[in-house]
Student: 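The structure is given below, and queries will be raised subsequently.
Residue numbers begin at 1 in each chain, while the letters A, B, ... track the order of the sequences.
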Number of protein chains: 2
Amino acid sequence: MGDAVESAGWSDVEPDAARRLLEGAVEAFAERGYHATTTRDIAGRAGMSPAALYIHYKTKEELLYRISRYGHERAHEILARASAADGPPAERLRQAVHTFSRWHAEHHTTARVVQYEISSLSPEHYEEVLDLRRSIDRLLRGIIEDGVAAGDFSVDDVPGTALAVLSLCVDVARWFNVNGPRTPDEVGALYADLVRRMVGA
Amino acid sequence: MGDAVESAGWSDVEPDAARRLLEGAVEAFAERGYHATTTRDIAGRAGMSPAALYIHYKTKEELLYRISRYGHERAHEILARASAADGPPAERLRQAVHTFSRWHAEHHTTARVVQYEISSLSPEHYEEVLDLRRSIDRLLRGIIEDGVAAGDFSVDDVPGTALAVLSLCVDVARWFNVNGPRTPDEVGALYADLVRRMVGA
DNA sequence: ACGCGAGGTGAGCAAGCGCTTAGCCTCCGG
DNA sequence: CCGGAGGCTAAGCGCTTGCTCACCTCGCGT
C-alpha cells in the first residue's frame, strides 16, 4: 500500500541531465540550505559546468520551486489516499500518520528542503506552495473530525491537535539520520502509536 | 514560576550597541536565515554602519554562536528546573513540556535561529552546542524514565518517545505566529496535555 | 553530404559579499 | 589645555555569486 508513492524518485524527469541537476540540488540544499548553495556546486554534483544549469532551468530558484512542489504533491497524495480510504477513522489516521512520517524519514533530504526552505521561494511560488500546505492541513484535520464525530476519538482542540500531529511528522525530516537506530518504517509505527494516544483512540 | 527565564531578553549584554546588534541579528537570521543575512542588514537594523559590527564581534558567525549558545542555555535551564522539581513525574513532565513549548512560542524568533541555523556554526562551536542538546535530551528522557519506573507512565519506546516530545516542542518555533489564534501559554497547555496522553499518564 | 537544433563549455561580467583600514569625533584624567 | 583611548564611519579590497555569451560538438532528417 502506497509503495508507488514511496519509491518514486525523480525518475520521470525528462532529459537525463535535468534530472541529475535536480538530484544534485536536493542534496546540496538539504546539506547547506538554499542560500549557502552555489550554482557551481549543483552543476558540479551533476558532473557539468555551471552554465549547463541554465539550459534546463531559468534560475536557481526554479530548482527550489520544482523540488518544493514535487514534495508537497507527494505529501498531499499520501494524506489524500489515507483520507479517502475505507475503514474507521482510527485506521485511516493510523495509515496517514504512518505513511506520512515514514515518507519524511525515507526522503529526509527532499523533505528537509520541502519543509525548511520554502521561505526562499519567490512570492508567487511561495503562495502556490502555501495553498498545497493548507489542503494538506485540511485533510488531516478532516480525519480527526470524523473520529470525533464518530465518538472514536476524544479531542478537546481539534485544529490544535491536527497542527501538532502534522508538526510532529514534518519534524522527522530535521532529526532523522540514516545511520540512526530506527528505520523509516519503525518511525512510522512509533509515530502512529503516539498519535493514536494523542487523540484518545 | 520560571518567569525570570521567560522575560530575560538580551538586557544583560554589555555595551548598548552590542546588544542592538545581537537583537538585529536574531531578527534577520530568523527572517531570512543565516546565509541570506548580510552584515550590512544586521548593522542597519542596529542603526549603525557595517564596520561597527566588527568592533563588538569578530565575525558574523560569532553573532550566530552567541545567539545559539544563549538559546540552548535557556532551554537547558527550563528542563533542568522542571527535572529537579519536587512532585510526581507526571507533574514534572507537565511543567517541562508546558514551559519548554511556551518558550519556543514566546521567543520564536530566537528559537528559530537556535533550532534551525546550528548547521551554519563553525565545527568547534557546532560541537559545543551539540553537547548542550544532548544534555537537554537526557533531562527529558530522565523524567520519562522516572515515570515509567514509578509505574505512572506506560511507554514502549522511551528514547523514541522522548525524541518525539522534544521534536514536537521544538517545532513550535517553526509554525508559531504571533497573530495566530493561540497565545504561547495556550500552546504550552495544549502541548502538555497531548504529551500526557502520549506517555499514557 | 550537410545544415541545424539541442545540449554543452570556458571565460567572464556586474553586483554583492565579509571584512579591513585610515581617519574622525567625543569624552575624560592629569 | 591636551593627549590618547574607545566608538564609529566612509571608502574600498579581494573574492564569490548568479547568470550570460560566443562558441563548439555531436546525432539526425533530408
Student: Select one nucleotide: of C:dC17, C:dT21, D:dC8, the one nearest the side-chain heavy atoms of B:A51.
Tutor: C:dT21
Student: Measure from CG on A:L21 to P on C:dG8 and round the result to the nearest Å.
Tutor: 8 Å
Student: Could you tell me whether the side chains of B:H108 and B:N177 share a donor-acceptor contact shorter than 3.5 Å?
Tutor: no
Student: Can you tell me the distance, in whole Å, between the OH atom of A:Y57 and the P atom of D:dC19?
Tutor: 14 Å
Student: Starting at atom OH of A:Y54, determine the distance to atom C1' of D:dA22, rounded to an integer number of angstrom.
Tutor: 18 Å
Student: So, does the side chain of B:R40 form a donor-acceptor pair with the base of C:dG18 at under 3.5 Å?
Tutor: yes
Student: I'd like to know if A:R174 pairs up with B:D171 as an ion pair, taking the criterion as any Lys NZ or Arg NE/NH1/NH2 lying under 4.0 Å from an Asp or Glu carboxylate oxygen.
Tutor: no
Student: Could you state the CG-C1' distance from B:L63 to C:dG18, rounded to the nearest angstrom?
Tutor: 12 Å
Student: To the nearest angstrom, how far is B:E62 atom CD from C:dC19 atom P?
Tutor: 11 Å
Student: May I ask you to verify if any side-chain N or O of A:H56 is less than 4.0 angstrom from the OP1 or OP2 atom of C:dG8?
Tutor: yes
Student: Hey, does B:S49 reach any base, or is it just sugar-phosphate, or nothing, if we go heavy atoms under 4.0 Å?
Tutor: base
Student: Is the side chain of A:Y34 donor-acceptor paired with the backbone N or O of A:E61 at a distance under 3.5 Å, no angle test?
Tutor: yes
Student: How about A:E128 and A:Y65: does a side-chain donor come under 3.5 Å of a side-chain acceptor?
Tutor: yes
Student: Got a donor-acceptor contact below 3.5 angstrom from the A:K60 side chain to the A:T37 backbone?
Tutor: yes
Student: Taking only side-chain N and O atoms of B:T39, does any of them lie within less than 4.0 angstrom of OP1 or OP2 on C:dG18?
Tutor: yes
Student: Take atom CE of B:M48 and atom P of D:dG7, then tell me their distance rounded to the nearest Å.
Tutor: 10 Å
Student: Taking only the side-chain heavy atoms of B:A17 (C-beta and beyond), determine which of D:dC8, C:dG7, C:dC17 contains the nearest atom.
Tutor: D:dC8
Student: Quickly work out the B:I55 CD1 to C:dT21 C1' distance and round it to whole Å.
Tutor: 12 Å
Student: Rounded to whole Å, how long is the line connecting atom OH of A:Y34 with atom P of D:dT17?
Tutor: 14 Å
